[in-house]
**Student:** 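Sharing a structure, written as structure tokens. Questions coming.
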Amino acid sequence: MRAFNFSAGPAALPVEVLEQAASEMLDWHGSGMSVMEMSHRGREFTSIIETAIADLRELLGVPANYKILFLQGGGIGENAIVPMNLLGRGGKANFVVTGSWSDKSQNEAKRYGDVHIAASTKGSYTRVPAFNGWQVSDDAAYLHLCSNETIDGIEFNDFPDLGALPIVADASSHILSRPLDVSRFGVVFGGAQKNIGMAGVTIVIVREDLLDQAMAICPSAFLWKMVAANDSMFNTPPTYAIYIAGLVFKWLKAQGGLSAIEQRNIAKSTLLYDTIDSSSFYVNKVEHTARSRMNVPFFLADETLNDAFLAGAKARQLLQLKGHKSVGGMRASLYNAVQIDAVQALVDYMKEFERSRA
Ligand SMILES: *Cc1c(COP(=O)(O)O)cnc(C)c1O
């Protein structure tokens, strides 16, 4: 039996995708091989990666002047790969710190160049600071933000217009959960294991004019220009992870695309936030306009009940609800593959647990 899986990542995948991958495991489309056994340069895998890129381009509406790259190294790898690709002509990197991930990113970028903090809510990650208060350095190559803070549960619903200054968005934990206007960014990146597929592949969407400003020290395998010129095959790409991502893209198209999945994600997250807000037993302190639809951290007002809450959840097959170790409490991640019935089962349990402790 499949559990209700609220993992923050690696996270739940659509059951249809897992079933298809299982049925194709030994023999992909009559090739006599598993996808993980075939040459990345062969006809079969070439069709897999080309279809995946075309489907992603269609789903997100990626403009023609953007490259879609498949890399390795995850979101954390990009924390170094982004500055190495963008700071080669000097200039600072602006950062907006709204949670644990953007803070980690600015810390890593310091190893490669000058970092300027344009805005920060460090100390109390509960909101997106108003755009008109950002102190953006003009002498900068780009501005980095994390469009969905996975640990703190903070999501950008809008983005400022910074003129010629490119915005780099770490969208690891909400990419494909809603439509995103890629043309407002210089770079959008994300690891796959949250909302796209399995761990091992990182998607980088980069505007072509930004491919020419890398630092000389950037490893060739992470040099976007080199990766782009080789159609993500400068080195052996994570073939199976790309295949799974491709199946998820097809699944998303069959669900009606990103506007349809966004409506479901709104319904799921509203159900959970309403349950939290309707009781003083559960707490979420994020400002309502900045609350993430994908990652919902919450606390029990009486934290001595945490272990009992988790044990009761586990007994009902509600899994991976423990909050990140840096913040404690609980966290329910509601990625695309998490169905509304899972959220309903969670809120039913939350109400029942509260009654049992009254
Ligand atoms: C998970 C996550 C990362 C890190 O991804 P890795 O694959 O572990 O490197 C980076 N940024 C955000 C927003 C994330 O959610």
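Order of appearance sets the numbers: ligands from 1, and atoms from 1 within every ligand.
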**Student:** Does Arg316 use its side chain to pair, donor to acceptor, with the backbone of Ala345 at less than 3.5 Å?
**Tutor:**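 Not at all, since once roles are kept as given, no pair shorter than 3.5 Å links the two residues.
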
**Student:** Distance only, no hydrogens: is a donor on one side chain within 3.5 Å (strictly under) of an acceptor on the other, for Glu149 and Ser100?
**Tutor:**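 No donor-acceptor contact under 3.5 Å links the two side chains.
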
**Student:** Which residue supplies the protein heavy atom nearest to atom 14 (C) of ligand 1, what is that atom called, and how far is it?
**Tutor:**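 Result: Lys194 NZ, 2.9 Å.
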
**Student:** Does CD1 in Ile217 sit with more than 12 non-hydrogen atoms of other residues, nucleotides or ligands closer than 6.0 Å?
**Tutor:**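 Atom CD1 in Ile217 is packed in, count exceeds 12.
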
**Student:** Backbone N or O of Tyr335 within a donor-acceptor pair of the Lys268 side chain at under 3.5 Å?
**Tutor:**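 Judged by distance alone, yes, a pair lies under 3.5 Å.
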
**Student:** List the closest protein heavy-atom neighbour of atom 15 (O) of ligand 1: residue, atom name, distance to the nearest 0.1 Å.
**Tutor:**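 Among all protein heavy atoms, the one nearest atom 15 (O) of ligand 1 is Thr150 OG1, 2.4 Å.
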
**Student:** State whether the number of non-hydrogen atoms from other residues, nucleotides or ligands found under 6.0 Å of Asp138 atom CG is greater than 12.
**Tutor:**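 Count not over threshold, so no.
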
**Student:** Against heavy atoms of Gly74, which atoms of ligand 1 measure under 4.0 Å?
**Tutor:**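 Listed by number with element: 7 (O), 9 (O).
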
**Student:** We want to know whether His29 and Glu44 form a side-chain donor-acceptor pair, criterion being a heavy-atom distance below 3.5 angstrom.
**Tutor:**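 Per modelled atom types, His29 and Glu44 side chains form no pair under 3.5 Å.
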
**Student:** Out of all atoms in ligand 1, which are within 4.0 Å of some heavy atom of Cys146? Include the element for each.
**Tutor:**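 So the answer, numbered in order with elements, is 13 (C).
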
**Student:** Among all protein heavy atoms, pick the one closest to atom 11 (N) of ligand 1 and tell me residue, atom and distance.
**Tutor:**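 For atom 11 (N) of ligand 1, the nearest protein heavy atom is Asp170 OD2, 2.7 Å.
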
**Student:** Under a heavy-atom criterion of less than 4.0 Å, does Ser172 contact ligand 1?
**Tutor:**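 For ligand 1, residue contact (heavy atoms, under 4.0 Å) with Ser172 is present.
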
**Student:** Ignoring hydrogens and geometry beyond distance, is a side-chain donor-acceptor pair present between Asp139 and Ser137 at under 3.5 Å?
**Tutor:**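 Side chains of Asp139 and Ser137: no pair found under 3.5 Å.
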
**Student:** What is the nearest protein non-hydrogen atom to atom 4 (C) of ligand 1, stated with its residue, atom name and distance?
**Tutor:**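 Going atom by atom, the protein heavy atom closest to atom 4 (C) of ligand 1 ends up being Trp101 CH2, 3.4 Å.
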
**Student:** Does a donor on one side chain sit under 3.5 Å from an acceptor on the other, for Ser292 and His174?
**Tutor:**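 There is no such pair (donor and acceptor under 3.5 Å, judged by atom type) between the side chains of Ser292 and His174.
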
**Student:** Mind checking whether Gly9 has a heavy atom under 4.0 Å from ligand 1?
**Tutor:**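 Contact check Gly9 vs ligand 1: negative.
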
**Student:** Flag Ile76 as yes when one of its N or O atoms lies below 3.5 Å from any N or O atom of ligand 1, and as no otherwise.
**Tutor:**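 It does: an N or O of Ile76 is found under 3.5 Å from an N or O of ligand 1.
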
**Student:** Would Gln193 count as a contact residue for ligand 1, given that I'm defining contact as a non-hydrogen atom of the residue lying under 4.0 Å from a ligand atom?
**Tutor:**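 True for this residue.
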
**Student:** Using distance alone, decide if ligand 1 has a nitrogen or oxygen within less than 3.5 Å of any nitrogen or oxygen in Gly75.
**Tutor:**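 Such a contact does occur with ligand 1.
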
**Student:** For Ser105, which part has a heavy atom under 4.0 Å from ligand 1: side chain, backbone, both, or neither?
**Tutor:**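 Neither; nothing of Ser105 gets under 4.0 Å from ligand 1.
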
